[in-house]
Protein chains: 2
Amino acid sequence: MVERTTEIELLRSILGSAGMKPEAFELSLPYWKLKQYKKGEFYNEYKNVCKHLGFVINGVFRIYRVNSDTGEEKNMLFFTDRQFVASYKSFLNQTACEYYTEAMVDSLILYIHIDHLNELYGQSHQWERFGRIVAETAFHEVMTNTEGFLFKTPEDRYREMMEKHPNIFNSVPLYHIASYLGIQGPSLSRIRKRMVGK
Amino acid sequence: MVERTTEIELLRSILGSAGMKPEAFELSLPYWKLKQYKKGEFYNEYKNVCKHLGFVINGVFRIYRVNSDTGEEKNMLFFTDRQFVASYKSFLNQTACEYYTEAMVDSLILYIHIDHLNELYGQSHQWERFGRIVAETAFHEVMTNTEGFLFKTPEDRYREMMEKHPNIFNSVPLYHIASYLGIQGPSLSRIRKRMVGK
DNA sequence: TTTCGATTTTAACCTGGGTTAAACTTTTTG
DNA sequence: CAAAAAGTTTAACCCAGGTTAAAATCGAAA
């Protein structure tokens, strides 16, 4: 499978530049699998236990929650190319997941099962370090996201999203962006209207 | 120093029950230091690089940010007994800190310098695992906190805080709690008034 | 093209929480 | 114990953003 090899090479080089030794990476080769997601398919769903850590080769995913009373959806995060994806709280604690993770466009993911990952943690100091760095990165992202929520206006966050994540921006309808910003559709329209003058 | 030994024993038993082998813990003994904070003193300050990972023996800290335009403070998190404390983003990336971390009551902290921690990470698979678990725990906390912000009302969060963290609750004035909940003083008063009937 | 459904914008109304300042209560301190 | 400081509540006013529904626009498919 030529494609598969190519994807693994991408992962190998990403992990390599994060300091993983080739011999350590070899240990993981039997475990990585590749999966194609069509737009609208789910990486994981509410009440599942998230068993896999994924690495997005390409694509966009949204992670969202449904209010069980009202049925409203609220977007929590978007994931895109070269990010590790998991319903991470569920993955870490092996508890029921509170979110849905849905592909917004056709996407490609390399993934590994948590049992294999734990095996690698036990076998290899290098992989333990990998686990630490993934956790630290996840922390950094959710923290930065939360800080945005607490200390910036929706307008600022909208502007930043346009600048920093144009690919997400172009593959996701505005009402999903509004939800992610914590506001309603009409509010985002008001913001956009205000911005045209500037 | 009898006191110091006692604090280390607490840490040893906490880490031991998280799976750390005694031999690995011994490696760290030269590095831990104990510091007393008086109410109002700072664990770290804005623009510092956070060089230490702390473990709260007892006490309460608040981590807050100051709006550079208006001078307003906004509380981000509280830390209390048996939690690891750091301005964690600054600590992980060794970048300038955006927060102040202030003791709300007289407090006691065991801390270790990041260089020593990195040394332990390199020396010992066990300590690498410790680093992973601290990062995973920090992730879990900030994520849970963010979820509260996104999916619960300030009233719910206030109620939960009263139930789950009565010690924080009793050593921190209400206007700090309001700030933490993301609302103003008068709003918290309205919530408290609404609640007396229930 | 034209049409139908999905998406975005607009308008009108309304509410909850912000803001300010004063009153009240509690705690600290001299 | 009295006075001052710190913390909390109340009242009155205001407004950004929520809500709803209709109108406008876009886009894919026929």
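So you know, we letter chains A, B, ... as the sequences are listed, proteins then strands, and number each from 1. Every value quoted in this text rests on a predicted model; they were computed, and no experiment measured them. Scope of the values below: all heavy atoms of this structure, side chains included, with no hydrogens, waters or symmetry mates.
Counting to the nearest Å, the C1' atom of C:dT8 and the NE2 atom of A:His176 are 14 Å from each other. Between the P atom of D:dC15 and the CD1 atom of A:Ile183 lies a distance of 21 Å, rounded to the nearest Å. Separating the CD atom of B:Glu155 from the P atom of C:dG17 is a distance of 9 Å, rounded to the nearest angstrom. Rounding to whole angstrom units, CG of residue B:Leu181 and P of C:dG16 are separated by 19 Å. Atoms CD (A:Glu73) and P (C:dT7) sit 12 Å apart, rounded to a whole Å.
At a threshold of 4.5 Å between non-hydrogen side-chain atoms, the residues B:Met195 and B:Met162 count as touching. Annotation: side chain of A:Phe139 is in contact with side chain of B:Leu92 (closest heavy-atom distance under 4.5 Å).
Salt bridge B:Arg62/B:Glu73: present, at least one basic N to carboxylate O contact under 4.0 Å. A salt bridge links A:Arg12 to A:Glu26: at least one charged side-chain nitrogen sits closer than 4.0 Å to a carboxylate oxygen. Salt bridge B:Lys33/B:Glu7: absent, no basic N to carboxylate O contact under 4.0 Å.
Using a 4.0 Å heavy-atom criterion, one finds that B:Leu188 contacts no nucleic acid atom at all.
B:Gln184 has no side-chain polar atom (N or O) that falls below the 4.0 Å cut-off from OP1 or OP2 of C:dG17. Between A:Arg192 and the phosphate of C:dT7, there is no side-chain N or O to OP1/OP2 separation shorter than 4.0 Å. Side-chain N/O atoms of A:Ser189 include none lying less than 4.0 angstrom from OP1 or OP2 on C:dT8.
DNA chain D is contacted by both B:Arg190 and B:Pro173; B:Pro173 maps to the nucleotide lying nearer its 5′ end (nearest heavy atom per residue). Nearer the 5' end of DNA chain D, as judged by each residue's closest nucleotide, is the contact made by A:Ile191, out of A:Ile191 and A:Pro186.
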Practice task
May I have the step-by-step check of salt bridge (Lys or Arg N to Asp or Glu O under 4.0 Å) for B:Glu128 and B:Arg132, ending in yes or no?
Solution key: CA-CA 6 Å; B:Glu128 193 77 72; B:Arg132 171 167 67 86; over 6 Å; no
Problem - Verdict with reasoning, B:Glu160 to B:His165, per side chain to side chain contact (heavy atoms under 4.5 Å, CB included) - result: CA-CA 8 Å; B:Glu160 278 174 20; B:His165 302 288; over 6 Å; no
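Among the nucleotides C:dG18, D:dT8, C:dT9, the one closest to any side-chain atom of A:Leu174 is C:dT9. Listed nucleotides C:dT7, D:dG7, C:dG17 differ in distance to B:Tyr175; the shortest reach to its side chain belongs to D:dG7. Here C:dT10 is the nucleotide among C:dT10, D:dG17, C:dG18 with the atom lying nearest to any side-chain atom of A:Lys193.
Overall bending of the helix from C:dT1-D:dA30 to C:dG30-D:dC1, expressed as the angle between end axes built from five pairs apiece, is 40° (10° steps).
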